[in-house]
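Scroll down for the structure; my scribbles are underneath it.
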Amino acid sequence: MNVINNDYLAVEIQLANLLLILQYMSENTYFKFTNSVIIAPLLAVITIWTVFWVELRFKINLNDYGIYPQRVPGLKGIIFSPFIHGSLEHLYNNTIPLAILTASLFYFYRSIALRVLLIGILISGLFTWAMGRPSYHIGASGVIYLLASFIFFKGIFTKHYRLVALSLIVVFIYGSMLWYIFPVEDGISWEGHLGGFLGGLLLAFTLKTELPPVKKIRLGERGL
């Protein structure tokens with residue numbers, strides 16, 4: 001009898017291991033490394049650095065293509081402002097978080113990643129244009145706040161363990177950015193930061209994405 005029960009237990013363990021492998025494979029159809037995880041952040045970084053190089057090389061200033069609030073010509077900045085930076089420090093400070101958050105977006109939310117970026121940039125830009133101070137607002141920081149906000153809130157809303165873990169990582173690394181959605185420092189577009197933050201929250205709440213089911217596997221107990 002003990003031999004038979006041991007055999008049953010061994011079969012159960014093998015089946016449990018197989019189910020765990022299948023679960024892992026199933027999740028990999030949702031969370032997997034694709035070319036977009038590299039191409040999207042690389043394209044974003046190359047673009048902002050190229051624009052900055054063009055300004056230096058040809059001694060031009062593209063700040064006029066930023067968002068200028070409450071003026072119709074300033075609307076063009078909604079499209080162009082994320083690519084324009086006022087200094088090398090400004091550019092450098094935005095490069096790493098932009099690359100990391102964009103890669104995270106395309107890895108964990110690839111089915112809606114483009115919509116998050118396009119709609120989010122529009123929301124953030126319109127908010128800045130409507131609420132901002134009378135000055136040119138430039139830089140990719142609004143996009144960074146958009147991505148950080150979306151990734152954080154979406155993970156919390158989905159309650160999927162991987163996405164919640166990602167949310168906690170975002171808070172740990174970028175939580176200090178929260179202060180800059182308020183007017184705490186001159187020369188920083190807190191309106192753009194706030195617009196990105198609110199845009200990310202809105203999209204996290206409204207955009208739906210498919211998620212793998214979280215399966216709980218329990219072994220039956222048998223007396224030996």
[X] and [Y]: which non-hydrogen atoms are nearest, and at how many Å?
{"X": "Ala140", "Y": "Leu98", "answer": "CB-CD2, 4.3 Å"}
{"X": "Thr209", "Y": "Ser111", "answer": "OG1-OG, 3.3 Å"}
{"X": "Ile138", "Y": "Gly66", "answer": "CG2-CA, 3.8 Å"}
{"X": "Leu146", "Y": "Gly199", "answer": "CD1-C, 3.8 Å"}
{"X": "Ser189", "Y": "Thr128", "answer": "OG-CG2, 4.4 Å"}

[atom1] of [X] to [atom2] of [Y]: how many Å apart, nearest 0.5 Å?
{"X": "Ile151", "Y": "Phe108", "atom1": "CD1", "atom2": "CZ", "answer": "8.5 Å"}
{"X": "Leu101", "Y": "Ile144", "atom1": "CG", "atom2": "CD1", "answer": "7.0 Å"}
{"X": "Leu105", "Y": "Leu147", "atom1": "CG", "atom2": "CG", "answer": "6.0 Å"}
{"X": "Thr102", "Y": "Ile38", "atom1": "OG1", "atom2": "CD1", "answer": "11.5 Å"}
{"X": "Leu198", "Y": "Ile181", "atom1": "CG", "atom2": "CD1", "answer": "7.0 Å"}
{"X": "Ile79", "Y": "Ile121", "atom1": "CD1", "atom2": "CD1", "answer": "7.5 Å"}

Donor-acceptor pair, distance only, cut-off 3.5 Å: does the side chain of [X] make one with the backbone of [Y]?
{"X": "Ser124", "Y": "Gly120", "answer": "no"}
{"X": "Glu55", "Y": "Leu62", "answer": "yes"}
{"X": "Ser149", "Y": "Leu201", "answer": "yes"}
{"X": "His85", "Y": "Ser87", "answer": "no"}

Quick one, [X] and [Y] - any side-chain contact, counting heavy atoms below 4.5 Å?
{"X": "Tyr174", "Y": "Met177", "answer": "yes"}
{"X": "Met131", "Y": "Pro69", "answer": "no"}
{"X": "Thr158", "Y": "Lys154", "answer": "yes"}
{"X": "Tyr136", "Y": "Asp64", "answer": "yes"}
{"X": "Thr34", "Y": "Phe106", "answer": "no"}
{"X": "Leu118", "Y": "Leu122", "answer": "no"}
{"X": "Phe83", "Y": "Thr50", "answer": "no"}
{"X": "Phe52", "Y": "Leu88", "answer": "yes"}

Atom CZ of Phe205 with >12 non-hydrogen neighbours under 6.0 angstrom: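 Open: at most 12 neighbouring heavy atoms sit under 6.0 Å from CZ of Phe205.
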Neighbour count >12 (heavy atoms, 6.0 Å) for atom CZ, Arg133: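 Atom CZ in Arg133 is packed in, count exceeds 12.
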In terms of hydrophobic clustering (I, L, V, M, F, W, Y; side-chain heavy atoms under 4.5 Å; direct or indirect links), are [X] and [Y] co-clustered?
{"X": "Val164", "Y": "Phe152", "value": "no"}
{"X": "Ile46", "Y": "Leu117", "value": "no"}
{"X": "Tyr107", "Y": "Leu114", "value": "yes"}
{"X": "Phe80", "Y": "Trp53", "value": "yes"}
{"X": "Trp49", "Y": "Ile39", "value": "no"}

Residues His193 and Ser141: side-chain donor-acceptor under 3.5 angstrom: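 Checked: His193/Ser141 side chains pair up, N/O donor to acceptor below 3.5 Å.
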Check against side-chain contact (heavy atoms from CB on, under 4.5 Å), Leu163 and Tyr109: CA-CA 10 Å; Leu163 300 180; Tyr109 300 101; 3.5 Å; yes
Set of side chain to side chain donor-acceptor pair (under 3.5 Å) partners for Ser167, sequence neighbours left out: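 Listed in chain order: nothing, the list is empty.
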Chi angles and distances behind the side-chain contact (heavy atoms from CB on, under 4.5 Å) call for Ile112, Phe150: CA-CA 11 Å; Ile112 58 173; Phe150 174 82; 3.7 Å; yes
Phe197 and its ring-ring contact (aromatic ring centres under 6.0 Å, His included) partner, picked from Phe153, Phe127, Phe182: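 With Phe197 as partner, ring-ring contact (aromatic ring centres under 6.0 Å, His included) holds for just one option, Phe153.
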side-chain contact (heavy atoms from CB on, under 4.5 Å) between Trp129 and Tyr68, intermediate numbers included: CA-CA 6 Å; Trp129 183 85; Tyr68 200 99; 6.0 Å; no
